[in-house]
Amino acid sequence: MTTLTDQEFIRYSRHLLIPEVGLAGQEKLKTSSALLIGTGGLGSPIALYLAAAGIGRIGLVDYDVVDDSNLQRQIIHDTNTLDTLKVDSARARMLGLNPHIQIDTYNEPFTAENAMHIASGYDIIIDASDNFPTRYLSNDVAVFLGIPNIYGSIYQFDGQASVFYAKEGPCYRCLFPTPPPPHLVPSCAEGGVLGVLPGTIGSIQATEAIKMLLGIGSSLVGRLMLYNALEMSFDYVKLKKNPKCPVCGENPTITKLIDYEEFCGVPGHHIDAMPSEWDISALELAEEMKNASLKNISPLLLDVREPHEQKISNLPNAKNIPFGELASRLSELNTAQEIVIFCRTGNRSLHAIEILLGSGFRKLKNLEGGINEWAEDVDNSLPIY
Amino acid sequence: MNKITILFFATLRTRAKRSTMELELPNEINIADFKKILITKIPALEASLHHTLVSINKEYAFDEDIIPEGAEIALFPPVSGG
C-alpha cells in the first residue's frame, strides 16, 4: 500500500522514473526528516530543493530577519519578505513550492542549551550556518545523535563541502581540532561572497542530503570537496578519521555539548559591535574634527578597510591600512598622535584597537558604527553598504 | 633535497599573495617541520597555519606524516561563511 497520494504521484513523476529513487525511494523521502541550521546563503537552495524533493519533515533553525543585503544570494527570501523572520519567509516559500510536506520552524539561535532538544528525532543535520561556534556545535550534536552532518562552507569564491558521519568516517573536529583564532577568518559580512557561490555549494549539500536519506551513490563521507568559482575547479581530499579526535576518537574527552562561544572565542550569532570605552559616535567625531581643525590638531583618521572598499565611500584625508596588514605596518603610525580608527560597521576597527593597544598605542578612538554610521548621521551623500 | 609544490586555498591565497609555489625541502621531514619552514618564507602565514588542513598528494596529512619526494602539498584553511 503506497503512502503517496495521486497528486504526489504526478508531482514526483521525474523521481519515480529514476530507478535509484523510484516509488520506494520517494516514499522513503516522504517519511524522512532533515534539520537545516541556517536559512541564509547556503540554506536557501538547500531548503528549496529539499522541499521540492518531498522530504516529509524539514526543520528550519534561524533567528535572523530578512535584510536588503541578504537578497544578493539568499534567494529563498524576497523583497516582499524584508524585515520578516527568515524562518517564516523560508517556510512560506517552501510550502508554496510543495504543500505536501511539514515545515517546523525554530526562531532562535542554535545553542548548546536547545540543540539536542531541537535535533533529536531528525534523520540528518545540514550545517548551513555562518560561524565557527555553530559549526562545532552542529558537528558534536550529529556525533552524539549518531546521524550525518551535511557540511558546507563558503568564502568569497571558495567553497567546501563534506558529509561528516562519525559512524562511517571522520567528523569536522577530525579535520579542524581547534578553531582559528577569533577574527582571523572573515565572515561573508566581513570578506564578501560571490552571490551564486552558496547556490553551488548549497545545491551540493542538498544532493548529499537526499543521497544519504535514500542510501544511494557514493557520498562525501571521508572526502572534502573544494570548489573555486574563479578557476571553476573541483578538488577532493581524502580524509582520515583522527584516532585522537576529542568527540569521535578512541578515547573521547568531549562527551556532552560544551560552551562553543568560549571554545571559539567569538559569539555564535551576529551582534552589533559591542559598545566599548573607545567608542566615538559619528556626530561626536564630526564636532571634534570641526573644533580640532580650528586649533590645527586634527586626529589621524585610520581606515582599516580594504582598498576596494574606499572606492565606495571615504572620509577626507584618511590613511588606509587594511586590517590584515596593520600588525606589520605599525611603524607608519605615531603613538603620540590621536588616532580615530574606522571600518565599514565598527567591528574590524575594534579589533584593530586591540592590536594597537598591544603595541603601546593609547590615544585611540573607534568610530562607532563605522563609515556607514557617518553616512547615516553626518554625510548623507555617502552610500551605506 | 626534495622539491615540492604548495597549493594555497581561500584566505591563505590572500595572505600568501599567490595560489601556488615551489619549495626545496630537506629530505624526510614531516608536516610540522614543513610548516615551520614555510613560515620563515612567508611570515604572513604564521597565525593561520596552525589551524589549517594539510593534504599530501590529495590525502589528509597529520603533523607527524613524512613528506614524500616531489609531493603536492595543499593548504586548506577553515572558512565559516554560509
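Lettering follows sequence order; numbering is per chain, from 1.
- Only the side chain of A:Phe176 has a heavy atom closer than 4.5 Å to any heavy atom of chain B.
- Closest heavy-atom contact between A:Gln160 and A:Tyr151: OE1-OH, 2.7 Å.
- Interface remark: A:Tyr227 contributes no atoms to any contact with chain B (heavy atom separation under 4.5 Å).
- Pairing each heavy atom of A:Leu330 with each of A:Ser359, the nearest pair is CD1-OG, 3.1 Å.
- Between A:Asp62 and A:Thr39, the side chains place a donor N or O and an acceptor N or O closer than 3.5 Å (distance only, hydrogens not considered).
- Residue contact with chain B, scored on non-hydrogen atoms closer than 4.5 Å, involves the side chain of A:Leu224 exclusively.
- Both the backbone and the side chain of B:Pro78 come within contact range of chain A, judged by heavy atoms closer than 4.5 Å.
- The contact between A:Lys241 and chain B is made entirely by backbone atoms, counting heavy-atom distances below 4.5 Å.
- Contact annotation for A:Leu226: only side-chain heavy atoms (C-beta onward) come within less than 4.5 Å of a heavy atom of chain B.
- Taking the six-membered ring for Trp and the full ring otherwise, the centers of B:Phe76 and B:Phe9 sit less than 6.0 Å from each other.
- Relative ring orientation between B:Tyr60 and B:Phe62 is described as perpendicular, the plane-to-plane angle rising above 60° on a 0-90° scale split at 30° and 60°.
- In this structure, chain B has no heavy atom under 4.5 Å from any part of A:Asp127.
- When heavy atoms are compared at a cutoff of 4.5 Å, A:Pro179 approaches chain B solely by way of its backbone atoms N, CA, C and O.
- For A:Gln74, no part lies near chain B; criterion is any non-hydrogen pair under 4.5 Å.
- The two atoms that bring A:Pro45 and A:Gly199 nearest to each other are CG-CA, 4.0 Å, heavy atoms only.
- Neither the backbone nor the side chain of A:Val193 comes within contact range of chain B; no heavy atoms are under 4.5 Å apart.
- Across every non-hydrogen atom of A:Ser89 and A:His77, the tightest pair is OG-ND1, 2.7 Å.
- The candidate with the highest count of non-hydrogen atom pairs below 4.5 Å against chain B, out of A:Asn242, A:Leu239, A:Val237, is A:Val237.
- Only the backbone of A:Ser129 comes within less than 4.5 Å of a heavy atom in chain B; its side chain stays farther off.
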